[in-house]
Amino acid sequence: MSCSMKLEYLQSLSLLQWPLSYLAIFWIVQPLFFSLFFTPLWLLPSLYVVWFILDWKTPNQGGRRSAWVRNWNIWTHIRDYFPITILKTKDLSPSQNYIMGVHPHGLLTFGAFCNFCTEATGFSKTFPGITPHLATLSWFFKIPLIRDYIMAKGVCSVSQASIDYLLSHGTGNLVGIVVGGVGEALQSVPNTTTLILKKRKGFVRTALRHGAHLVPTFTFGETEVYDQVVFHEESRMFKFQSFFRRIFGFYFCVFYGQGFHQECKGLLPYHRPIVTVVGEPLPLPQVKNPSPEIVDKYHALYMDALYKLFEQHKVQYGCSDTQKLMFL
């Protein structure tokens, strides 16, 4: 691949490296946007602010997805770069709603983004009648312009109100939650399969309240596309990462991949396949006020299903036969 083609891919990927790209938009685009108030074009941002206020509740009421945005050609470039694929093991019935556990988080969640926020890998054809929503940090939806861009891709707020709305309005809705959250990003180094899951039970409780089925997924290769510099917990850099998370909601990770030449280091991800395996849905009863015992029961069943999914496909998608899935 020529340097010019790699540059094109890098530019494409830079649009996607969320949440980092959202911060870039915040610090670069937002000042430009507000500066329009002091120009002859002041009416444009004024109208948008009015729209922003009137549209405030939309992110918690199903969002506003756009088939046009989800089908942009740029997403196919990103798909082919790695490449990224999705594997269905069982059909999902449009007569049900689902909460999908997305594992692992990785650094930039390329697999989940490409598979569930775009049509680059053909989600609608693979799971007809299912509408995917990938949940992310709620405060992104409070930022002008960014909120409209991510809603157009089918991204929803991870707030309880947003998920409750999607699971109680019609059927065929699938809400993807990166259960390990931002803490799992620090576990994202090559040749590791460690998930933060043991104490993450809120998604199971929500599924029980709505009678939504749980869908385990595992994305092989997600942690292989970048190398990360891991800092000791007592180091100043780790303390800075923790401080950064308290302010922005996610960790500032130091990572690197390849440059424009294979032998150089840079910001381009490595060319390594990413495969998201979507497991068999786990049926749950509807329990309006589930007890801790019921939550624990189905949480254990989910962990077992996820473990079996990993074991069944690990060798085929790049893991050694001796590699085990670890839960923290």
Side-chain angles (χ1 to χ4, degrees), residues 1 9 13 16-17 75-92 98-127 130 132 134 174 176-181 184-197 214-228 255-258 262 268-282 301-328:
M1 182 180 293
Y9 278 127
L13 289 165
L16 273 231
Q17 292 179 357
W75 313 139
T76 63
H77 289 298
I78 294 163
R79 176 199 66 194
D80 295 339
Y81 178 89
F82 294 96
I84 298 174
T85 55
I86 187 170
L87 175 67
K88 175 177 72 173
T89 60
K90 293 290 182 179
D91 290 330
L92 299 181
Y98 304 89
I99 289 183
M100 175 180 64
V102 177
H103 312 277
H105 183 289
L107 282 166
L108 299 178
T109 325
F110 284 116
F113 173 85
C114 197
N115 286 315
F116 307 124
C117 299
T118 81
E119 288 296 329
T121 58
F123 182 92
S124 295
K125 294 180 180 178
T126 305
F127 296 101
I130 302 298
L134 186 63
L174 181 146
I177 300 176
V178 188
V179 181
E184 206 170 79
L186 292 184
Q187 307 291 330
S188 181
V189 293
N191 302 315
T192 60
T193 47
T194 303
L195 304 179
I196 298 177
L197 183 56
L214 289 175
V215 181
T217 71
F218 192 90
T219 300
F220 293 91
E222 186 68 60
T223 61
E224 307 298 318
V225 297
Y226 279 114
D227 289 306
Q228 181 178 185
F255 59 91
Y256 59 91
Q258 67 184 48
Q262 292 284 350
L268 281 170
Y270 298 119
H271 293 282
R272 292 172 184 169
I274 296 176
V275 182
T276 298
V277 182
V278 181
E280 181 178 358
L282 176 65
L301 289 173
Y302 176 84
M303 289 178 62
D304 184 60
L306 179 60
Y307 184 85
K308 290 178 179 177
L309 183 71
F310 174 80
E311 286 293 313
Q312 183 180 355
H313 297 277
K314 65 180 183 180
V315 175
Q316 182 181 357
Y317 296 116
C319 297
S320 68
D321 187 54
T322 59
Q323 196 159 357
K324 298 296 182 182
L325 188 62
M326 304 296 295
F327 297 121
L328 298 179

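Throughout, numbering of the chain's residues begins at 1 and tracks the sequence. Reckoned from all heavy atoms, side chains included, excluding hydrogens, waters and symmetry mates.
Rounded to the nearest 0.5 angstrom, Leu92 CG and Phe127 CZ are separated by 5.0 Å. Summarising the geometry, atom CG belonging to Leu309 is positioned 11.5 Å from atom CG belonging to Asp304; distances are rounded to the nearest 0.5 Å. In this structure, Tyr270 OH and Leu268 CG are separated by 10.5 Å, a value rounded to the nearest 0.5 Å. Note that CD of Gln258 is 11.0 Å distant from CG of Asp227, once rounded to the nearest 0.5 Å. Atom-to-atom distance recorded for Phe113:CZ and Leu134:CG is 9.0 Å, nearest 0.5 angstrom. How far CG of Leu214 is from CD of Glu280: 12.5 Å, rounded to the nearest 0.5 Å.
Listed by chain and residue number, Arg79, Ile84, Ile86, Cys114, Asn115 satisfy the side chain to side chain contact (heavy atoms under 4.5 Å, CB included) test with Thr121 (two or more places apart in sequence, or in another chain). In this view, Thr219 and Pro104, Glu222, Ile274, Thr276 satisfy the side chain to side chain contact (heavy atoms under 4.5 Å, CB included) rule, not counting sequence neighbours.
Nearest heavy-atom pair, Phe110 versus Val225, reported as atom, atom and distance to 0.1 Å: CD1-CG2, 4.1 Å. The nearest pair of heavy atoms linking Thr109 to Ala112 is CG2-CB, 3.4 Å.
Remark: side-chain polar atoms of Lys88 are not paired, donor with acceptor, to backbone N or O of Val278 under 3.5 angstrom. Distance alone, capped at 3.5 Å, is enough to place a donor-acceptor pair between the Tyr81 side chain and the Pro269 backbone. Side-chain atoms of Glu184 never come within 3.5 Å of backbone atoms of Gly106 as a donor-acceptor pair (strictly under, hydrogens ignored). Thr193 places a side-chain N or O within donor-acceptor distance of the main-chain N or O of Lys324, the cut-off being under 3.5 Å.
Looking at Phe310 and Cys319, their side chains come closer than 4.5 Å, going by heavy atoms from C-beta outward. A 4.5 Å side-chain heavy-atom check between His313 and Thr89 finds at least one atom pair inside the cut-off. Using a 4.5 Å heavy-atom cutoff, the side chains of Val179 and His105 are not in contact. Contact of the Ile78 side chain with the Thr118 side chain is not registered, since no non-hydrogen atoms from C-beta on lie closer than 4.5 Å.
In Lys308, the NZ atom is not crowded: 12 or fewer heavy atoms of neighbouring residues, nucleotides or ligands sit closer than 6.0 Å.
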(request) Under the side-chain contact (heavy atoms from CB on, under 4.5 Å) rule, what do Phe123 and Glu119 come out as? Steps first, then yes or no, please. (result) CA-CA 6 Å; Phe123 182 92; Glu119 288 296 329; 4.2 Å; yes
(message) Evaluate Glu224 against Asn191 for side-chain contact (heavy atoms from CB on, under 4.5 Å), listing each step before the verdict.
(response) CA-CA 7 Å; Glu224 307 298 318; Asn191 302 315; 3.8 Å; yes
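Between Phe220 and Tyr317, the ring-plane angle classifies as tilted under the 30° and 60° cut-offs.
Of the listed residues (Leu328, Leu325, Thr223), just one forms a side chain to side chain contact (heavy atoms under 4.5 Å, CB included) with Thr194, and that residue is Leu328.
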